[in-house]
Structures are given as structure tokens and as C-alpha cells.
Student: 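I have a structure I would like to understand better, so I am pasting it below and will then ask my questions one at a time.
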Amino acid sequence: ARTWTCRGSSWTRFVRGLSQDALEASLERPLRGRSVYMETYGCQMNASDSEIVLGILSKAGMRREEEIKQADVILVNTCAIRENAEAKIWQRLGYFKSLKRKKIGQKPLVGVLGCMAERLQKKLIDSDKLVDLVVGPDAYRDLPKLIEGIQGTGEGLQRKTAMNVQLSLEETYADVTPVRNAGDISAYLSIMRGCNNMCAFCIVPFTRGRERSRDVASIEKEVHTLAEQGVKEVTLLGQNVNSYADFTSASEWANSYPYADGFSSVYKPKREYAVAFAELLDRLADANPEVRFRFTSPHPKDFPDELLHVISSRLNVCSNIHLPAQSGSTRMLEIMKRGHTREAYLRLVDRIRSLIPDVTLSTDMISGFCGETEEDHQQTLSLLHQVEYDQAFLYAYSRREKTYAARHLADDVPEDVKGRRLRECISVFREILTRRNEEEVGRTHLVLVEGTSRKDASMFTGRTDTNKRVAFPVSDVQLVPGDYAAVQIVSSTAATLRGRALSTASITSFFREATPQPAERPHVASCD
């Protein structure tokens, strides 16, 4: 119980003037009237976490502030995956300090959340008084108490700080209602947290902790609510999203959910009798036929045939798969502790394309990892050519403390060599993407209308089922954001497709009208 110590007749008159309900409400919402400004950096999971944070603070009485100079509390949700991601945050913290220095009266509190908070911890608080509050990704429920404990710090007062970076084996925030933007047609939904893979280069297991999954019922309820609110696309999130396993719910599928052929891991999965990702995805797609589903970020090992069959058979599960490779060299994959060879990865690519013919693939690649030779690099370029990805996230290796690579491997590839290899990867990818986009001309896609273009209000923009961005004239067909439209592609660049809207559509009608055999999913219809 919270103890309040007060003196004076003014407090007595105030209490007597309150009803019991109002008094209880004031104690339960200690931050009522306070405002919070939020900035988010990094992955989709951070975007989802920021909505969870706003939900927790809203319940405590805080309101969201869009103007940073008016906020009582400034929070920045951070990424620690690479050095340049953290460099951006340090710059922003310097700016926040200047705001505090210029503000007359009570100064805003500045808090760092997320992976950078978990990685640096007290170093942030000790950094030239830039930060008042440090909270890791598993401690967001503590935010109201921590803010309440240090609020009121101002000029002439002793500086107060607070920190909670305790990782959890259980926290999923399943019961927290996220605060999303009103009218959004797409939403992120976190279904699991943490990662057990322990890849040599990756900081995520150290900033996000071990894997744990939400219960199926809470996910189904949240998706149902989103659908009722008009959301048309839900992206399921997790650090290793397709390793989802809910042991609290009864599985209707009799399957042990093995890894994809030729893949292994440093840990043995415990999924027997659990509701695994394929079953969850199938349930959600079946219950919400006019909501389309995406998911990220997966690991290649967790693509058994059961999951591929769900993606292939469910019309509203998007035909786009993120398949992080990290390198095209088997030697480098072993050093990275990825649990597979180049050959096993390519067999998985072939299997995916045999079951989902019109699938598009995306990937992650690291240039210049520890010990990478020129031959290893050429193998990566070769993989880019062979797989022909439609999207790629390409980076130079950035050493992260605590990882296996930082503790046991030498970061021995010179920075200029890393940069040159990265540029070569980017060049190859862009060449392939330009050609693949040219092949889209004449095809018709189902596009979810997201809104008008920021550059040209006469054009709508949206994404295809295969996750390609399309722009098309507003005047073609009467549409509003949130509508599905059949859009024929008329031209292309490496960055986007241009099209013309043919008609409004639904997921069911578009795919079933495209073929006389409804059992076969035709993701793309040809319009010659």
C-alpha cells in the first residue's frame, strides 16, 4: 500500500470534498494530468512496445503529448543492434538536455527504454546527467512507480534517478491494452518475446532475454478487437516469431513441430503438446478471413512444412517470407553459429517456392563479420544472385559487447573493406530488384490502400500481398484508406511499382476469381 504523508487544513478540506470513488481513483492514477512524449527507434517490436508503454502510462493517468517542448516526461525507446543506432540516440539525448536547460520551472524527466537501456544500464544515468530514467524491455509495468518516485526534480533540487533493467522469464504484457493511433488500418501485435538462438554476432538474447510466448486466447481476443476497429492487416511480432509455443493452451494438432530439414540450434525446442506458430497462424487466419496477416522476424530453422502449408493454403496469410541468411558462405555461417549450411538454406528456399510459387523473399546480410575472406564475400554475392530477394537489409558488421563474437572472435576485417563489400552487396541487390520489379508489369495484385502519397496527394499508396509498394491514381476507382483494391502494374522502378486500380475487392473474391481452382492459392493474377 502507498503511504501518503500530508499536513495542513487544505489537505483535510480536499479529502473531505472527495467521494470515496474519486479518492480511490486519485490514488490508483498517481500521474493524472502529467504528459509523456515518446520517440521510437529500431524494429517493429520497439514500435509495438511503445504502444504497450503508452497503454501502461495511460492507465496510470498520463496523456500522450505530441509536442516535445510541452511534455512532462520524454521517453525514447531504443535499439542496440548496431553502433550507429546507438549513436543516433546519444545525439537525441544531447538535444533533450538542451531542452531541459532552457525550460523555466520544472524540468522534464528524460527516460531511455528498450535494448540500449538494457545494454548500457547505469552508464546512461552516469552520462553527463543526460538521463533520469532507465528501463529495460521487461520492466515497463514499473514505469508509473518509477516516474512518480522521481517527478518534481528541478533546478535547485537534488537530482533523482531511477532504473529497472531486470529481465524476465515470464513477461509478455498479454493483459496490457496498447495505445494505437485511432483509425489505423494496420497494427503490430507482439506474440512472443526474447530469443534463444545465441548467434555469435547478436545482442538480442542479452537485451531481450529468453523466449516466452503469449497465450493463444489473449492473441485471438486482441486480433478480434482490432478487426472490429477496422484494422485490415496485422503483423505478428517476436524476436524469433516462428518459434512461438504456448504450453498453456491445448493443441489441436498432433505434431512435434521439427526444425526445417538440415537446420539445428544450440538449444533443443520443447514444443510437444504446445500450440506452435503454424497452428496459431492458422487459427487467426481462419477466424478473420478479411484481415491479412504478416509476421516478423523469423529464423529459417523454424519453417517446417506445417507452417509453409498454412501460408500456402490461407488466402489471408501474405505470400512474403523474411528469411535471414546473414552470409552466403557455409564457413561463415558456422562461425556465426547459425545452425545450417548454405546448401540447407537453399533447399529451404526451393521448398518454400515449390509450395508457394509466387512468394517473395527478403533477407538480412552482414558484410565483414569476423574472419570473413574475399571468397566468403563472393559466396554472399553469389547467394544474392541465386535467391533473387525482393527485399534485403544489408549491413556492415558492428561489434556488440557480451556477444560470443565480442568475447571470442577478432573483429579483423578493416572498416574500409567492410564498406566496400557492403556497397557491392547493395549494388547486386539493386540490380536484381530492378529486374524483378520490371517483371511485375502487366500483373494484377491485391493492394491494401494505406493512404495518399506524401509526395503526391493525387496518388494512393499501398502494399501488395507480396509486400511490394504500389502507387496509383486516386481518381481510378472510388477508394478510401483501408479498402482492398485490384491494381494492375503499369510501370516500375527499383523502389516502387506504379499501377492503375481496376476495382475494389476483398481477399476472398480477389483470389477466388483469379482461378477456377480455389484450392490453389494464386497470389498474382496475370493481365496480359
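Heavy-atom basis, side chains included; hydrogens, waters and symmetry copies ignored.
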Student: Salt bridge or not for Arg283 and Glu279, using N-O below 4.0 Å?
Tutor: yes
Student: Considering residues at least two apart in sequence or located in another chain, which fulfil the ring-ring contact (aromatic ring centres under 6.0 Å, His included) criterion with Phe393?
Tutor: His322
Student: Hey, does Asp72 have a side-chain heavy atom less than 4.5 Å from the side chain of Pro108?
Tutor: no
Student: Arg212 side chain to Arg210 main-chain N or O, any donor-acceptor pair under 3.5 Å?
Tutor: yes
Student: Taking atom types as modelled and ignoring hydrogens, do the side chains of Thr464 and Thr466 form a donor-acceptor contact shorter than 3.5 angstrom?
Tutor: yes
Student: Between Tyr173 and Glu171, is any side-chain donor less than 3.5 angstrom from a side-chain acceptor?
Tutor: no
Student: Tyr41: which residues meet the ring-ring contact (aromatic ring centres under 6.0 Å, His included) condition with it, sequence neighbours left out?
Tutor: none
Student: Show every ring-ring contact (aromatic ring centres under 6.0 Å, His included) that has at least one partner inside residues 55-94, sequence neighbours left out.
Tutor: none
Student: Does Arg314 make a cation-pi contact with Phe293 (under 6.0 Å, within 45 degrees of the axis)?
Tutor: no
Student: Examine the side chains of Asp215 and Ser218 and answer whether a donor and an acceptor come within less than 3.5 Å of each other.
Tutor: yes
Student: Can you find a pair of side-chain heavy atoms, one from Met163 and one from Thr161, that are under 4.5 Å apart?
Tutor: no
Student: If we ignore angles and hydrogens, is there a donor and acceptor under 3.5 Å between the side chains of Glu220 and His224?
Tutor: no
Student: Determine whether Asp128 and Lys97 satisfy the following criterion, salt bridge (charged side-chain N to carboxylate O under 4.0 Å, His left out), listing intermediate values before the conclusion.
Tutor: CA-CA 9 Å; Asp128 196 27; Lys97 184 179 180 180; 2.9 Å; yes
Student: Within the 3.5 Å criterion, strictly below it, is a donor on Thr78 or Glu86 matched to an acceptor on the partner's side chain?
Tutor: no
Student: Check the side chains of Asn77 and Asp49 for a donor-acceptor pair under 3.5 angstrom, ignoring hydrogens and angles.
Tutor: no
Student: For the residue pair His340 and Tyr345, categorise the inter-ring angle as parallel (less than 30°), tilted (30 to 60°) or perpendicular (more than 60°).
Tutor: parallel
Student: Give the ring-plane orientation class for Phe472 versus Phe460, where under 30° counts as parallel, over 60° as perpendicular and anything between as tilted.
Tutor: tilted
Student: Is it the case that Ser243 and Glu211 place a side-chain donor and acceptor less than 3.5 Å from each other?
Tutor: yes
Student: So do the side chains of Met365 and Leu383 get within less than 4.5 Å of each other, counting heavy atoms only?
Tutor: yes
Student: Can you tell whether the side chains of Glu450 and Arg469 come within less than 4.0 Å, N to carboxylate O?
Tutor: yes
Student: Can you tell me how far apart CG (Leu109) and CG (Leu133) are? Round to the nearest 0.5 Å.
Tutor: 7.5 Å
